[in-house]
Amino acid sequence: MKISSDIEQINQFLAEHRIEEVFNEELRTHMTIQRFNQGAFICSQGDSAQTMFILVKGKVKVYTSSAEGKTLILSFKTPLELIGDIEYVRESNYINTVEAISTVEVISIDYRWLKKLSKNYTPFLQFLLKVITEKFYIKSNSMSFNLMYPVEVRLASYLLSISYDDTNSLLNDNLNTINLKDAANLIGTSYRHVNRVIQQFCKDGLVERKNGSILIKNRDGLSILASNNIYE
């Protein structure tokens, strides 16, 4: 992880995402830019929440885990997205695990500065309310969708989401088959079922299984199967 306090870069990111008015100038002096490599954790479920992150570049995976160790994917997120906003309001530990699936850049703000400098700052409070209400609206729909959609749709969505970044550029054209066990957990089904679906995808020319990896052969076909990607 790399950390920078380049105020010009911070202002550039805020302007790029049209949120300059949300954060006052004094608060910006306490912001930092953090860069995470693919596979790094921005935050982990259950950890003490002390920081809010503004996702300004890259793509992350959001998932939750049960006490038994089972995991369930909730969504893939691209800019602009807040991480740690609900925890800030609730004063709780991080609710979910957020993992970088590409190189990711975030603007980080310590909660203590938010409370000191933005607790009564109307533009920030309005922005926070909008983000959180939108997040709960999406979650209420996606949780039911995840249960209603067949495994074929969920797996196609997963393959697309894990393989392309926020600019629609290819991240991974090969998905190692070892990760299929993780995929099965994340989409809420069995490894055996995922294997059967992959075999059907191979027959349909959507993917190719070769040398221990899954190669995406027909992105458009996967997109049609996934319809509107249920994880994004």
Side-chain angles (χ1 to χ4, degrees), residues 1-65 74-136 138-139 161-162 164-169 171 232:
M1 179 182 68
K2 295 183 179 180
I3 301 177
S4 167
S5 298
D6 186 341
I7 189 64
E8 290 187 7
Q9 182 65 68
I10 289 171
N11 287 332
Q12 183 177 331
F13 276 135
L14 296 179
E16 180 181 335
H17 295 288
R18 300 179 181 179
I19 54 172
E20 310 104 299
E21 74 284 353
V22 172
F23 305 101
N24 59 58
E25 290 188 13
E26 188 176 3
L27 181 62
R28 295 184 198 185
T29 63
H30 298 287
M31 293 178 169
T32 58
I33 299 172
Q34 293 181 245
R35 186 174 189 178
F36 295 88
N37 293 327
Q38 185 179 19
F41 295 100
I42 289 84
C43 63
S44 297
Q45 180 179 341
D47 283 356
S48 175
Q50 304 293 333
T51 306
M52 184 182 295
F53 303 96
I54 308 170
L55 177 63
V56 291
K57 188 175 182 180
K59 192 173 190 178
V60 298
K61 175 172 63 178
V62 183
Y63 58 93
T64 186
S65 302
L74 300 176
S75 61
F76 289 82
K77 296 294 184 180
T78 55
L80 182 73
E81 180 68 22
L82 288 187
I83 301 167
D85 48 333
I86 296 173
E87 292 86 346
Y88 170 73
V89 174
R90 296 181 67 244
E91 297 184 342
S92 66
N93 294 337
Y94 287 117
I95 301 170
N96 302 310
T97 296
V98 181
E99 178 184 343
I101 65 166
S102 70
T103 299
V104 163
E105 291 187 19
V106 300
I107 296 174
S108 61
I109 319 165
D110 194 292
Y111 285 171
R112 62 193 174 105
W113 293 116
L114 283 172
K115 291 175 181 177
K116 183 175 182 179
L117 302 174
S118 293
K119 186 176 181 180
N120 298 309
Y121 188 57
T122 301
F124 170 71
L125 296 177
Q126 290 177 334
F127 175 69
L128 192 61
L129 178 62
K130 181 180 178 181
V131 168
I132 291 177
T133 52
E134 179 70 13
K135 192 169 289 189
F136 276 108
I138 292 172
K139 184 175 181 179
S161 294
I162 204 72
Y164 297 89
D165 66 13
D166 59 315
T167 64
N168 225 21
S169 299
L171 281 171
E232 298 188 1

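None of the values given here were measured: they were computed from a predicted structure.
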How long is the straight-line distance from OG1 of T51 back to CD of Q34, given to the nearest 0.5 Å?
7.0 Å

From CG (L82) to CE (M52), nearest 0.5 Å
6.0 Å

Where the side chain of Q38 meets the backbone of T103, is there a donor-acceptor pair that is under 3.5 Å apart?
no

So, for E99 and I42, which heavy atoms are closest and what is the spacing to 0.1 Å?
C-CD1, 4.2 Å

Between I109 and I54, is a side-chain contact (heavy atoms from CB on, under 4.5 Å) present by the stated rule, with each step listed?
CA-CA 8 Å; I109 319 165; I54 308 170; 3.9 Å; yes

Under a 4.5 Å cut-off applied to non-hydrogen side-chain atoms, are I19 and F13 in contact?
no

Within the 3.5 Å criterion, strictly below it, is a donor on S48 or Q50 matched to an acceptor on the partner's side chain?
yes

Taking every heavy atom of L117 against every heavy atom of L27, the minimum-distance pair comes out as CD1-CA, 3.8 Å

Give me the atom names and distance for the closest heavy-atom approach of G84 to Y94.
CA-CE2, 4.1 Å

Would a 4.5 Å heavy-atom cut-off, applied to side chains only, mark Y121 and L125 as touching?
no

Trace of the salt bridge (charged side-chain N to carboxylate O under 4.0 Å, His left out) decision for E91 with K115
CA-CA 11 Å; E91 297 184 342; K115 291 175 181 177; 3.8 Å; yes

Are any non-hydrogen side-chain atoms of V56 and E16 less than 4.5 angstrom apart?
no

One should read off an interatomic distance between E105 CD and L55 CG, to the nearest 0.5 angstrom, of 10.0 Å

Intermediate values then yes/no, side-chain contact (heavy atoms from CB on, under 4.5 Å), N11 and E20
CA-CA 7 Å; N11 287 332; E20 310 104 299; over 6 Å; no

Got a donor-acceptor contact below 3.5 angstrom from the K77 side chain to the V98 backbone?
no

Check the pair E81 / K135 against side-chain contact (heavy atoms from CB on, under 4.5 Å), numbers first and verdict last.
CA-CA 10 Å; E81 180 68 22; K135 192 169 289 189; 3.2 Å; yes

When you compare the side chain of R28 with that of L14, does any pair of heavy atoms fall below 4.5 Å?
yes

Minimum heavy-atom distance V104-K59, with the two atoms named
CG2-O, 3.4 Å

Are side-chain N/O atoms of E87 and Y111 paired as donor and acceptor at under 3.5 Å?
no

Would you mind reporting whether Y88 and L128 have side-chain heavy atoms less than 4.5 Å apart?
yes

Side-chain heavy-atom pair Q9, S4 within 4.5 angstrom cut-off:
no

Considering all heavy atoms, the nearest T64-N96 contact
CB-OD1, 3.6 Å

Which atoms form the tightest heavy-atom contact between N93 and G46, and what is the distance?
ND2-O, 3.3 Å

Let me confirm one number: the CZ-CG distance from F53 to D85, rounded to the nearest 0.5 Å.
11.5 Å

In terms of ring plane angle, is the pair F124 and F23 parallel, tilted or perpendicular, where the classes change at 30° and 60°?
tilted

Keeping Q45 on the side-chain end and S65 on the backbone end, is there a donor-acceptor pair under 3.5 Å?
yes

N/O donor-acceptor pair under 3.5 Å between T32 side chain and S5 backbone
no

